[in-house]
2 protein chains.
Amino acid sequence: MVADEGEEISKRPTIYDIAVLAGTSPSAVSSVLNGTWKKRRISVKLAERVSRVAEEQGYTTNIQASVLRRARSKIIGMIIPKYDNRYFGAIAEHFEARARDQGLFPVVTCTQRDPALEVEAAKELISYQVETLIATGATDPERITQICQAARVRSINLDLPGSGAPSVISDNYTGAMDLTDVLLDRCKEDLGWQGPLTFVGGRLSDHNTAERLRGFLDAQKRRGIDPQQAKVLALGYSADNSENALMSCETTGPTGLFINSTISLEGAMRWYRKQSAKQSNMIRFGCFDWDPFGEFLPGNVGMVQQDVETMLDRTFELIGSDAKPDNPVLVPCIFRPVRTEKRG
Amino acid sequence: MVADEGEEISKRPTIYDIAVLAGTSPSAVSSVLNGTWKKRRISVKLAERVSRVAEEQGYTTNIQASVLRRARSKIIGMIIPKYDNRYFGAIAEHFEARARDQGLFPVVTCTQRDPALEVEAAKELISYQVETLIATGATDPERITQICQAARVRSINLDLPGSGAPSVISDNYTGAMDLTDVLLDRCKEDLGWQGPLTFVGGRLSDHNTAERLRGFLDAQKRRGIDPQQAKVLALGYSADNSENALMSCETTGPTGLFINSTISLEGAMRWYRKQSAKQSNMIRFGCFDWDPFGEFLPGNVGMVQQDVETMLDRTFELIGSDAKPDNPVLVPCIFRPVRTEKRG
DNA sequence: CTCATTTGCGCAATCGATATTGCAGGTGAA
DNA sequence: TTCACCTGCAATATCGATTGCGCAAATGAG
């Protein structure tokens with residue numbers, strides 16, 4: 001007998017299935033399950049019956065159908081380069097939490113710092129009908145903005161600014177100045193040495209690196225220190241680059257390093273470990289980025305932690321008040337001093 | 001004049017808009033834009049015209065509508081507790097990459113180790129019509145499995161096993177044995193001391209912790225060492241818990257710590273730093289988890305890195321071959337020895 | 001008992017894309 | 001010239017949920 005019993009190959013139940021089982025209409029089921037039933041004057045009795053049947057059948061709304069019909073999707077997207085450091089990890093986590101708080105559905109996707117993937121992911125999110133797209137640390141924010149504009153989707157830049165859309169970024173300049181000041185103080189205090197310091201990691205074409213370098217230079221100039229061009233080792237973000245740059249750089253005697261990110265810090269630590277005991281005692285560094293293990297690393301005088309929560313507060317404020325692309329919103333950083341215990 | 005010019009308030013163009021502009025039908029536009037046009041015998045000329053118009057108008061397909069109509073959604077979901085450590089970060093990143101390789105659309109969401117959020121997120125992903133849901137490190141895998149089954153969605157457990165769905169996990173027992181062996185070797189070699197070791201972090205009700213503890217105990221027993229009950233400090237995963245547990249534990253003289261995760265390692269390091277120089281020189285530890293900064297921490301003899309790539313290979317194999325809930329697939333871990341340089 | 005409201009709910013159109021079917025017009029063989 | 005067949009495209013039903021509209025029954029006022 002060829003299955004003719006009207007017996008479906010068990011699929012997901014829809015409002016039509018529930019309607020039949022509850023002896024009512026699909027529209028009643030819909031309004032009960034999406035909470036608009038009071039407005040539609042459905043009786044409590046029917047509402048309860050429908051809810052019970054839906055529960056029994058393991059009903060879940062088909063968001064695709066729902067979003068297709070509704071005016072708003074309530075979906076908010078984010079592209080982010082990586083999940084592999086505390087900064088981006090925290091951004092993704094807080095973004096999701098914040099979005100849920102606002103009754104929005106977050107969708108995050110990471111793009112591996114790959115410009116092509118960035119574009120692909122942005123288009124994908126737009127296909128999902130996101131109402132807003134947050135472009136975090138995009139390699140090419142303008143391109144993302146352009147894609148969003150073509151699709152009439154609001155976009156916001158986070159971490160790296162762009163001119164086409166509102167941006168929220170850290171106050172890199174001030175943070176870098178603070179870090180440089182502490183580093184200089186500690187070099188003087190611990191080593192009796194006054195600079196100039198060495199800048200390690202990042203890319204000068206990158207807005208954040210440029211601003212941090214500016215703060216780094218200004219803080220030294222303000223003290224009458226002449227920062228040397230050769231001491232700026234911004235050859236990229238990878239650990240290897242930083243390690244190699246330091247290796248090929250003459251550093252004997254007291255040394256102070258301004259490390260541009262935790263990834264650069266890995267390279268710096270590899271280099272550090274190769275120094276003689278005597279030399280490594282004469283090294284101090286600060287890092288413009290935070291990692292929980294940073295405070296256990298020898299020579300660390302402090303870390304600049306970007307204030308992710310506030311950055312996301314500002315970002316969601318922008319979403320609420322459709323702002324125009326303006327000057328980037330600058331969020332102050334949090335300085336985390338490190339006082340390494342004196343060791344025997 | 002009340003806008004009567006048929007002039008829409010600029011919205012996203014649909015295939016209907018493109019069809020009008022290209023002087024053809026919506027169905028032709030659809031097939032051109034989704035690549036089935038050759039099969040549908042659309043002429044190259046028309047295909048090119050449609051593509052050009054679509055490009056000009058910044059058209060992107062509405063996935064909601066597309067998925068609604070199609071048989072398969074090609075969406076694959078993952079829930080994951082956190083993004084804030086290398087392990088979960090790597091899982092999320094590789095999952096996304098793998099999914100894209102297979103032509104699937106990944107959607108990842110983090111659940112903050114909150115059972116309620118876990119359930120909510122799972123239901124949300126099911127609403128998105130995911131074809132498969134990967135539950136990573138779920139606090140209650142069985143509950144997730146149950147929800148997925150009710151919705152006729154395939155599910156797979158990753159990192160922590162469950163009985164209702166296929167599971168892929170690390171070979172915690174063997175990894176723990178290896179780590180314990182190395183730790184014992186190094187304690188003997190460096191300190192002339194033979195244990196017993198201390199186990200720090202995790203929860204005994206947690207499958208992974210239980211397995212690691214078993215390996216930890218067996219490795220010691222095999223050497224004729226009697227592991228003491230009081231040396232098992234598995235009071236939770238937080239850094240504070242581990243720090244406090246160690247503080248309240250009498251540890252003077254040679255000490256060997258088996259640290260159950262990087263989060264516990266943070267606590268252990270805070271404790272470590274409070275020890276006298278003399279005492280801290282008599283501490284060795286190994287960590288069942290990997291972090292790039294681990295190798296720079298004093299006393300570290302090695303880290304067990306879970307083989308995320310292979311775990312995801314196995315996971316996607318399971319997706320391909322709709323396997324039954326069986327014994328968990330065990331993936332061997334990678335041992336990363338640490339040779340700290342002798343310091344002055 | 002009549003008429004106006006209110007209550008409770010169903011009908012049917014709709015969102016945008018897909019896939020089956022159908023239907024002209026053209027081509028080639030007999 | 002006739003007819004089978006192919007080419008190129010359009011019409012149309014459909015996926016599941018939402019929502020404006022309308023209508024019958026219940027209720028209340030007079």
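Naming: A, B, ... by sequence-line order, numbering from 1 per chain. For clarity, every value in this text was computed on a predicted model and none was experimentally measured.
- At least one side-chain nitrogen or oxygen of B/S25 sits closer than 4.0 Å to the OP1 or OP2 atom of D/dA10.
- Note on residues 118-168 of chain A: no pairs pass ring-ring contact (aromatic ring centres under 6.0 Å, His included), not counting sequence neighbours.
- The rotation axes computed at either terminus of the helix from C/dC1-D/dG30 to C/dA30-D/dT1 lie 50° apart, taking five pairs at each end and rounding to 10 degrees.
- Nucleotide D/dC6 holds its C1' atom 15 Å from the CD1 atom of B/I42, rounded to whole Å.
- Contact annotation: the side chain of B/M311 never approaches that of B/H94 to less than 4.5 Å [non-hydrogen atoms, C-beta and beyond].
- Contact annotation for A/S66: backbone-only contact, meaning every heavy-atom pair under 4.0 Å involves sugar-phosphate atoms and none involves a base.
- If B/T36 and A/L68 are placed on DNA chain C by their nearest nucleotide, the residue sitting closer to the 5' end is A/L68.
- B/Y59 has a side-chain polar atom (N or O) that falls below the 4.0 Å cut-off from OP1 or OP2 of C/dA17.
- One atom, NZ of A/K39, and another, C1' of D/dT19, lie 9 Å apart when rounded to the nearest Å.
- Residues A/Q146 and A/S155 form no side-chain contact, since every pair of their non-hydrogen atoms from C-beta on lies 4.5 Å or further apart.
- Nucleotides of DNA chain C nearest to A/L46 and A/Y16 differ in position, and the one nearer the 5' end is that of A/L46.
- The shortest side-chain heavy-atom distance between B/R12 and A/I126 falls under the 4.5 Å cut-off.
- Position along DNA chain D of the nearest nucleotide to B/T24 versus B/A65 favours B/T24 as the more 5'-ward residue.
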For nucleotides 20-26 of chain D, print each protein N/O atom paired with a nucleotide N/O atom at under 3.5 Å, atom names and distance only.
residue : atom : partner : partner atom : Å
D/dG20  : N7   : A/R40   : NH1          : 3.4
D/dG20  : O6   : A/R40   : NH2          : 2.5

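- In this structure, A/D17 places its CG atom 11 Å from P of D/dC15, rounding to the nearest Å.
- Salt bridge status for A/R52 with A/E55: absent, with no side-chain N to carboxylate O gap under 4.0 Å.
- Residue A/R69 has its side chain nearest to C/dA13 when only C/dA13, C/dA17, D/dA10 are considered.
- As rounded to whole Å, 13 Å separates atom P of C/dG8 from atom CD of A/E48.
- Across the interface with DNA chain D, nearest-nucleotide mapping of B/R70 and B/R49 shows B/R49 to be the residue nearer the 5′ end.
- Among the heavy atoms of the strands lying under 4.0 Å from B/S43 are primed sugar atoms or P, OP1, OP2 only; no base atom is included.
- Atoms CD (B/Q64) and P (D/dT14) sit 23 Å apart, rounded to a whole Å.
- Donor-acceptor pairing under 3.5 Å is lacking for the side chains of B/E124 and B/T109.
- In this structure, B/M78 and B/L158 have side chains that are in contact, with non-hydrogen atoms separated by less than 4.5 Å.
- Rounded to an integer number of Å, the gap from B/Y128 OH to D/dA17 C1' is 15 Å.
- Taking only side-chain nitrogens and oxygens, B/N34 comes nearer than 4.0 Å to OP1 or OP2 of C/dT18.
- B/E142 places a side-chain N or O within 3.5 Å of a backbone atom of B/G164 that can act as its donor or acceptor partner.
- Here the P atom of nucleotide C/dT20 and the CH2 atom of B/W37 are 19 Å apart, to the nearest Å.
- Taking side-chain N and O atoms only, B/S30 has a distance below 4.0 Å to OP1 or OP2 of C/dT18.
- Considering only heavy atoms from C-beta on, B/Q306 comes within 4.5 Å of B/D159 through its side chain.
- At whole-Å resolution of the value, CD1 in B/I15 and C1' in C/dC15 are 12 Å apart.
- At least one side-chain heavy atom of B/L117 sits under 4.5 Å from a side-chain heavy atom of A/R100.
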